[in-house]
Amino acid sequence: MDWLVSFAKFLVNEILSEPAYLIGIITAVGLTALRKSVGQILGGAIKATLGFLLIGAGATLVVAALAPLGDMIQGATGAQGVIPTNEAIVGIAQAEYGSRVAWLMILGFAVGLLLARFTPLRYVFLTGHHMLFMATLLTIVLATAGQPSWLVVVVGGVLLGIMLVAMPALAHPWTKRVTGNNTVAIGHFGTAGYIAAGATGQLVGKRSRSTESMNLPEGLRFLRDSMVATALSMVLIYLIVAILYLVKAGKETAYAVFGTGGEPAAGIGEYLMQSVMQGLQFGIAVAVILFGVRTILGELVPAFQGIAKKIVPGAVPALDAPIVFPYAQNAVLVGFISSFIGGLVSLALLAWVFEPAFGLALVLPGLVPHFFTGGAAGVYGNATGGRRGAVLGAFVNGVLITFLPALLLKVLGAFGEENTTFGDADFGWFGVVVGNAAKLGSTPGLIVMLAFGAVILAGAILVQKRVVETGWAPGARRDALLPPSETAGDDPMGGVDSAREGVGDGGPVRTQARIAPPRGAPKPPPPPGEG
């Protein structure tokens with residue numbers, strides 16, 4: 001039996017929890033179903049894997065670039081509390097619950113594939129690390145509530161499988177608004193924040209123009225390049241925070257933040273220039289992520305034709321949050337900043353109102369979750385509400401990923417005292433409901449949890465049938481109030497037409513993802529056969 005447990009751990013920890021491997025395998029399966037040659041299968045699988053590794057490399061650069069900024073903000077404000085970090089809480093839980101997490105994740109992935117095959121929810125969730133995070137969350141809340149091991153694995157696996165197909169479906173009306181087609185879905189457990197951002201955009205941005213069509217003076221034309229604009233903005237943020245931290249903490253402490261080789265900065269000049277360098281590194285990180293997204297889409301979307309035809313008819317890949325970044329690159333930066341501000345405002349409310357009144361922990365705004373979920377929320381808010389939608393939609397996301405982790409700590413048992421917790425929105429609301437249901441006991445808890453899962457599944461099927469498949473477009477009223485140049489344009493993937501044989505609601509269709517190009521940008525040539 002030990003070998004079976006070891007094999008399960010290997011399968012989860014070394015393959016299924018690595019999204020790059022999982023994407024490569026899925027791409028190979030799809031190309032095989034299309035009867036491609038061995039060389040094409042290997043080449044496509046390797047290129048898709050490299051695309052996800054590029055995304056991971058960019059994410060690592062983002063984390064490294066933001067780490068000193070987080071230290072300086074905490075030092076400048078004096079705030080102390082819990083910092084939501086998915087990887088940290090998962091690593092802590094693995095030591096105690098590793099085998100149950102492994103089996104729960106394997107069962108959940110299998111249930112998700114079955115639901116994708118036999119229900120209208122044709123979504124295949126491919127974000128492996130988020131599957132691992134949700135499996136760990138379910139294991140923690142069920143086990144700490146005293147549920148037996150078999151129930152933890154079986155019920156947790158069923159709930160995980162439901163979430164893998166339901167959340168992409170619930171967000172898909174807004175995702176289609178972002179991408180312009182049905183070729184990809186969002187497969188990330190920050191979905192509640194993205195839906196909230198898209199809905200907020202619908203409410204506030206009926207006449208608000210897109211973040212991607214900002215009119216700049218001639219001397220500021222260089223800011224049309226999103227990589228330049230992102231890097232410059234982060235340089236300014238870094239310099240401001242660095243100066244505030246220097247004033248608050250003093251030279252000795254401040255200089256140590258940017259120390260190279262274990263040595264603190266030699267003087268104020270080196271200290272400030274290190275701030276500039278960190279901002280530039282952030283711009284590079286975002287550029288790497290965007291290139292990785294373009295690379296993987298070029299391989300994965302065609303490969304999914306094979307999966308759609310042979311394994312899961314009409315399958316749509318559900319991918320990580322950065323998959324939407326290229327569709328509104330200015331909105332990513334706007335969303336990040338606005339989400340972070342929402343986190344700061346929420347922290348103040350926790351400190352002054354909710355911590356004294358309800359005993360909720362102080363949740364510090366982690367820059368990494370605010371960048372990835374806030375950036376994606378900015379894209380969703382912009383798609384339905386332009387600039388106001390991006391700002392206010394991402395602000396709402398920032399509020400959610402501050403209050404929900406504070407509530408989640410109440411059901412994590414001893415893990416709620418680890419000074420870290422799960423950071424994204426879906427972990428919060430789902431964990432709170434499941435955790436409180438699990439405390440009811442084995443039989444009542446089992447009934448409530450399965451009923452809750454059934455409600456989520458039924459709701460997702462209803463949205464799929466009544467909203468997604470009927471073609472409802474959130475933000476359509478805004479289109480009628482804006483000039484045509486704001487609602488139609490060219491490829492969001494950097495000037496190259498992205499038309500390809502995608503997977504539509506009923507099978508392969510010819511699709512294009514288009515948004516308005518910057519004013520004055522050259523029009524790309526039409527693809528072959530469309531001139």
Side-chain angles (χ1 to χ4, degrees), residues 115-116 119-125 127 162-206 208 210 301 314-321 323-328 331 335 373 376-386 388-390 392-394 396-397 400 425-426 429 455-482 487-488 492 502-506 509 511-515:
L115 290 173
T119 74
L121 307 177
R122 309 293 194 189
Y123 303 97
V124 180
F125 196 101
T127 311
I162 290 172
M163 290 291 284
L164 295 183
V165 295
M167 298 315 294
L170 293 173
H172 207 52
W174 289 273
T175 304
K176 288 176 67 176
R177 174 70 179 180
V178 170
T179 64
N181 56 51
N182 195 46
T183 55
V184 294
I186 193 74
H188 188 271
F189 288 126
T191 304
Y194 311 144
I195 294 174
T200 300
Q202 289 177 255
L203 291 175
V204 303
K206 290 183 180 178
S208 180
S210 171
V301 172
V316 179
L319 303 173
D320 204 353
I323 207 71
V324 301
F325 286 6
Y327 293 94
T373 69
V379 175
Y380 277 79
N382 176 70
T384 58
R388 286 198 297 272
L392 295 178
V396 171
N397 175 80
L400 288 177
D426 295 340
W429 68 265
V455 169
I456 294 175
L457 184 63
I461 292 174
L462 185 64
V463 168
Q464 179 70 24
K465 299 297 290 184
R466 298 288 182 87
V467 181
V468 176
E469 294 181 8
T470 59
W472 176 71
R477 292 183 179 179
R478 172 174 170 267
D479 292 348
L481 300 174
L482 293 175
T487 58
V503 180
D505 294 327
V509 295
T511 59
Q512 287 185 329
R514 294 176 176 267
I515 61 172

**Residue of the set Leu319, Val184, Val379 for which side-chain contact (heavy atoms from CB on, under 4.5 Å) holds with Val324** =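 Result for side-chain contact (heavy atoms from CB on, under 4.5 Å) with Val324: Val379.
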**Request:** For a side-chain contact (heavy atoms from CB on, under 4.5 Å) with Leu392, tell me which candidate from Asn397, Leu203, Val204 qualifies.
**Result:**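 Testing each of Asn397, Leu203, Val204 against Leu392, the sole residue satisfying side-chain contact (heavy atoms from CB on, under 4.5 Å) is Val204.
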**Request:** Keeping the roles fixed (side chain from Asp320, backbone from His188), state whether a donor-acceptor pair exists under 3.5 Å.
**Result:**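 No; judged by distance alone, with no hydrogens or angles, the pair does not exist.
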**Message:** Any side-chain to backbone donor/acceptor pair from Ser208 onto Arg388? Under 3.5 Å, distance only.
**Reply:**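 Between the backbone of Arg388 and the side chain of Ser208 there is a qualifying donor-acceptor contact (under 3.5 Å).
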For the atom pair [atom1] ([X]) and [atom2] ([Y]), what is the distance rounded to the nearest 0.5 Å?
X	Y	atom1	atom2	value
Met167	Phe125	CE	CZ	9.5 Å
Ile195	Asp426	CD1	CG	7.5 Å
Lys176	Ile186	NZ	CD1	15.5 Å

**Asked** Given side chains that start at C-beta, do those of Leu115 and Leu164 come closer than 4.5 Å, heavy atoms only?
**Response**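 No, their side chains stay 4.5 Å or more apart.
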**Prompt:** Is there side-chain contact between Phe189 and Met163, with at least one heavy-atom pair below 4.5 Å?
**Reply:**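 Side-chain contact under 4.5 Å: yes.
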Shortest non-hydrogen contact from [X] to [Y]?
X	Y	value
Ala192	Leu400	O-CD1, 4.1 Å
Pro120	Gln464	O-CG, 3.6 Å
Val178	Ala383	CG2-CB, 3.7 Å
Gly378	Ala394	N-CB, 4.1 Å
Thr384	Ala197	OG1-O, 4.4 Å
Ala460	Leu170	CA-CD2, 3.7 Å

**Asked** Are Asn182 and His172 linked by a side-chain donor-acceptor pair shorter than 3.5 Å?
**Response**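 Side-chain D/A pair, Asn182 to His172: present.
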**Item:** Test log, rule side chain to side chain donor-acceptor pair (under 3.5 Å), inputs Tyr194 and Thr373
**Value:** CA-CA 8 Å; Tyr194 311 144; Thr373 69; 5.3 Å; no
**Message:** Tell me every residue that passes ring pair (Phe, Tyr, Trp, His ring centres under 6.0 Å) with Trp472, counting only those two or more places apart in sequence or in another chain.
**Reply:**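 Here the qualifying residues are Trp174.
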